[in-house]
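Note that these values count all heavy atoms, side chains included, but never hydrogens, waters or copies made by symmetry. Quick note: residue numbers are just sequence positions, from 1.
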Amino acid sequence: MNLFDYKCHHVKDDIGLNLYQGNYQKLSGNTLSLDYLKKSMVFHVLKDDEVYAGFTLNVLEWSPLRYFSYLNEYVKNELLVQPLRPLKEEDFLEITSIYKEVGSKTDEMLFYFYLFAKAYFNARRLEKPLILGGSIVREVKLIQKEVLDVVLYHGLIDAEKIKGDVPKLFEIYCCETSDLLFNAGKEAFEKYFLQVFGKKKWR
């Protein structure tokens with residue numbers, strides 16, 4: 001494994017955004033507008049200078065938060081009313097629009113390293129106290145929920161809101177920005193350390 005083979009690139013030009021848009025649609029089946037991508041922070045993750053994954057960071061000041069847009073207004077407002085701390089949409093930095101080609105364990109590990117590192121540093125820069133994530137994909141949920149460890153929503157999402165013929169199980173989760181690196185480091189260490197000794201496998 002050569003870590004210098006991997007890079008994370010902030011995509012700003014139209015050619016790169018069109019590539020991201022096409023890759024996301026091909027691998028997820030869902031569409032993103034170029035207008036949305038231009039307003040957000042878009043990243044490609046590369047191995048040997050070839051793009052194999054991508055993710056987007058978004059805040060309410062740029063575009064509506066995508067994960068909350070899948071919920072009706074009543075449900076969204078209910079989940080924001082947390083008993084210990086009421087939540088506000090403007091407090092979140094959202095990790096969204098993830099796509100990733102199937103690859104090695106190292107490809108996956110480096111992808112999530114870049115994803116969580118970029119989310120942390122940009123949340124700090126933008127003074128966002130919370131990180132938001134979500135997915136209908138089981139493998140993504142299993143990894144992200146170890147880091148974004150507060151589940152805000154767990155339920156079905158209508159098929160017409162995503163590509164598919166039947167409702168899918170959808171989850172939204174978050175964590176404090178201040179906890180993100182510790183949670184991510186703990187998860188990476190446990191996976192690596194326990195995998196070496198054959199006790200815990202990458203999901």
Q) Would you call the rings of Y70 and F170 parallel, tilted or perpendicular, where under 30° means parallel and over 60° means perpendicular? A) perpendicular

Q: Take the angle between the ring planes of F43 and F55 and call it parallel below 30°, perpendicular above 60°, tilted in between.
A: parallel

Using a 4.5 Å cut-off on heavy atoms from C-beta on, say whether the side chain of [Y] contacts that of [X].
| X | Y | result |
| --- | --- | --- |
| L132 | I95 | no |
| I131 | F92 | no |
| V45 | K100 | no |

If I take atom [atom1] from residue [X] and atom [atom2] from residue [Y], how far apart are they, to the nearest 0.5 angstrom?
| X | Y | atom1 | atom2 | result |
| --- | --- | --- | --- | --- |
| D149 | D179 | CG | CG | 7.0 Å |
| Y67 | I172 | OH | CD1 | 9.0 Å |
| D5 | L110 | CG | CG | 9.5 Å |

Q: Go through the steps for R85 and E176 under the test salt bridge (Lys or Arg N to Asp or Glu O under 4.0 Å), then give the verdict.
A: CA-CA 12 Å; R85 175 185 175 183; E176 301 265 355; 2.8 Å; yes

Q. Do other residues, nucleotides or ligands put more than 12 heavy atoms under 6.0 Å from Y153 OH?
A. yes

Q) Any donor and acceptor pair, going by atom type alone, linking the side chain of N58 with main-chain N or O of T96 inside 3.5 Å? A) no

Q: Might you point out which heavy atoms bring L19 and H44 nearest each other, and give the distance in Å?
A: CD2-CE1, 3.8 Å

Q) When clusters are formed from ILVMFWY side-chain contacts under 4.5 Å, directly or step by step, what else is grouped with F182? A) none

Q: Any chance you could pull the hydrophobic cluster mates of V102, using side-chain heavy atoms under 4.5 angstrom and chaining through other members?
A: none

(Q) According to salt bridge (charged side-chain N to carboxylate O under 4.0 Å, His left out), does anything in residues 55-73 pair up with another residue at least two apart or in another chain? List the pairs. (A) E61-K128, E73-K76

